[in-house]
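Okay, structure first, notes after.
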2 protein chains.
Amino acid sequence: MKVNATIYDVAKAANVSIATVSKVINETGHISEKTKRKVHQIIEELDYKPNMMASALMGKQTKTIGLLIPDIANPFFSELARSIEDRGQELGYNLVICNTDYKIEKENKYLALLKQKSVDGFILASGFEHLEEVEKLIKEKTPVAIVARDFPMFSINGVALDDFMGGYQAASYLIGLGHENIDVIARDVWSNRERIRGFKQALEENNRKFSMNFEYIGESTVEAGKAITHKYLSSSNIPTAIFACNDLLAAGALQAAKENGVSVPERLSVIGFDNTLIARIVEPPLTTIGQPIQSMGKQVMDLIVSMISGEQKEKIRITLLPSVVERESTNNRM
Amino acid sequence: MKVNATIYDVAKAANVSIATVSKVINETGHISEKTKRKVHQIIEELDYKPNMMASALMGKQTKTIGLLIPDIANPFFSELARSIEDRGQELGYNLVICNTDYKIEKENKYLALLKQKSVDGFILASGFEHLEEVEKLIKEKTPVAIVARDFPMFSINGVALDDFMGGYQAASYLIGLGHENIDVIARDVWSNRERIRGFKQALEENNRKFSMNFEYIGESTVEAGKAITHKYLSSSNIPTAIFACNDLLAAGALQAAKENGVSVPERLSVIGFDNTLIARIVEPPLTTIGQPIQSMGKQVMDLIVSMISGEQKEKIRITLLPSVVERESTNNRM
DNA sequence: TTGAAAGCGGTACCAA
DNA sequence: TTGGTACCGCTTTCAA
């Protein structure tokens, strides 16, 4: 068992002090070319890698970011995590990923734990609406950014989608197709309330009225989407279109429609949200409101890094715009 | 900006030495009840949390594990990562997740980087077949376990699926349904070679011969699955069934079948592998060889932790068995 | 240009 | 039962 070389081993082998070695590694101070070469050579020979714990102890960065996400097994979040990690890698950061299951206790637990581990900052994709613990962190100057969630009443940096616009686009698109009776599937979280607000706005502008069937559901799963769609489809006011607030829910809607023998898009149009892998593999492929997931991941990573480096002094909110991605689950009524 | 309390602050406030504080925290040595209470109280008041970097420097664990995975956006891996993280959380470990894209350079880079960050061990879901760097780590006594990949010629701990059995089950099931002409979709990696070996075994036992159309594909994506299926379907030897080595590929096969106007399962049966979310949402829902993903995640986490703690001295290989999950993409020919 | 030494925040051995 | 202190591996003054 070869033990890893330390800065002392390098110093000894190079006949210099550890201070000198430290300086050539960090390119601080003035060291002669000759010494530099010598030290680099020894570093090479010994395969020396600085211990990051030790430098972190001295106040340096750990180059590690905590990513708190509801559920990495959810395609939207796994795609988002992927894009964040990609950018992190380019910038030299690692991600420790924590699944919160939308539970505030889990979020708080992870927050405390990772703080002990000296992560450089946090990216929150979890999205609660009571952020006391997060507020504490911010007060302590710990860099925190949110992504894919919006908290208009909370002073925190982040990148989010214009959810209002997303809902507006969904309704406009469906209305453009001639639909009058559109039901909505959504879990009761802020972003969905925004989407619905945008949705209603478009409805009003076109003198349509909002669904009679609407009710919030408990979780964003295929099964939940299926169950509520069954309900809508057997109501006295059968919709000609459904706006599901994410692709998973929309996939459930598709399944329910099939079980009820109503063909999509002929008798029922379904529009999803997110444009994840899901939208491309269900049958029929899903028309959906696309979130620029790649861009969101990159932006939020850039944001947190600029906060860590101290460049980003003012609060900033980056809003990305959705766009409708047409596929085959929607149909013209006219 | 309130600075975090250190062990010195606690010691001072409690009128004891830092040695004493350390002892009550770690429950080592003999400390009077009274002192313990006092110290705990101060810890509470100051909201003191030990800095894990500092203890890591003294040789303690960081309670962090590196997870190297090809692509977290792939549903199989995101579900696997989820189950590993779940178990990690129960055991008090965090996961730093790295996407390797099946690239050996990326894997090596991450390995070196995370070692610098003093992770307690590595879980590799990546699966390369030349593991020199990994071998080095093992020599240095760094705990490393593999999951969902098998390396029979490599002495490393891990938990894997019995891929041979999976292929055997797939073939047996399809043969039981009366299929004679089964094509295979697979990327050229060890586990798929094993699956195909098992597949051929079952074929032989039933006096069937292996597909004439077979060729390995370059990547495991929906698109690749679709492309190769188009090819198979327009060959001179049209299959009545397809065995896709993962659900994504199977989803692609479904799409190609639809585009060619061949209905599934009436004219073509398709069987997948993994039993991910994908299998439940495509149309028709996929019959697939199910991997016990939850169990794999738990087992590999338990394994790495027991290696870290030193309990697991001998090399161990845990093999889990697949099972066929029947849905609607396969059909009886008879 | 280089090095000695004082930390960073803990752990653990040895005395008291 | 408690405390003094050396040390983990590195950074950073401050002198030389």
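Numbers restart at 1 for each chain; the letters A, B, ... are given by sequence-line order, proteins then strands.
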Rounded to 10°, the helix from C:dT1-D:dA16 to C:dA16-D:dT1 deviates from straight, judged by its five-pair end axes, by 40°
- Query: Counting only N and O atoms by type, is there a donor-acceptor contact under 3.5 Å from the side chain of A:Ser55 to the main-chain atoms of A:Asn51?
  - Reply: yes
Here the distance between atom P of C:dC13 and atom NE2 of B:His30, to the nearest Å, is 13 Å
Give one of base, sugar-phosphate or nothing for A:Val21, where a contact means two heavy atoms less than 4.0 Å apart. nothing
Checklist line | Contact under 4.0 Å: B:Thr35 side-chain N or O vs D:dT2 OP1/OP2 | finding: yes
Protein-proximity profile, nucleotides 7-12 of chain C, B/S/- by nucleotide at the 4.0 Å heavy-atom cutoff, equals BBBBBB
With distance as the sole test, does B:Gln116 use its side chain to make a donor-acceptor pair with the main-chain N or O of A:Pro50 at under 3.5 Å?
yes
For a quick test of your reading: what N or O donor-acceptor pairs under 3.5 Å do the side chains of residues 66-73 of chain B make, sequence neighbours left out?
residue, atom, partner, partner atom, Å
B:Asp71, OD1, A:Arg82, NE, 2.8
B:Asp71, OD1, B:Ala73, N, 2.9

Hey, does the Lys NZ or Arg CZ of A:Arg187 hover above the aromatic six-ring of A:Tyr102, less than 6.0 Å from the centre and inside 45° of the axis?
yes
| Hey, are A:Lys298 and A:Glu90 close enough for a salt bridge, meaning a charged N less than 4.0 Å from a carboxylate O? | no
Charged N to carboxylate O under 4.0 angstrom, A:Lys106 versus A:Asp101?
yes
Is any side-chain nitrogen or oxygen of A:Thr20 closer than 4.0 Å to OP1 or OP2 of C:dG3?
-> yes
Nearest heavy-atom approach of A:Leu114 to A:Phe122 is CB-CE2, 3.5 Å
note: B:Lys12, atom NZ; D:dG3, atom P; distance rounded to Å ~ 15 Å
A:Phe76 and A:Asn74 have their tightest heavy-atom pair at N-OD1, 2.9 Å
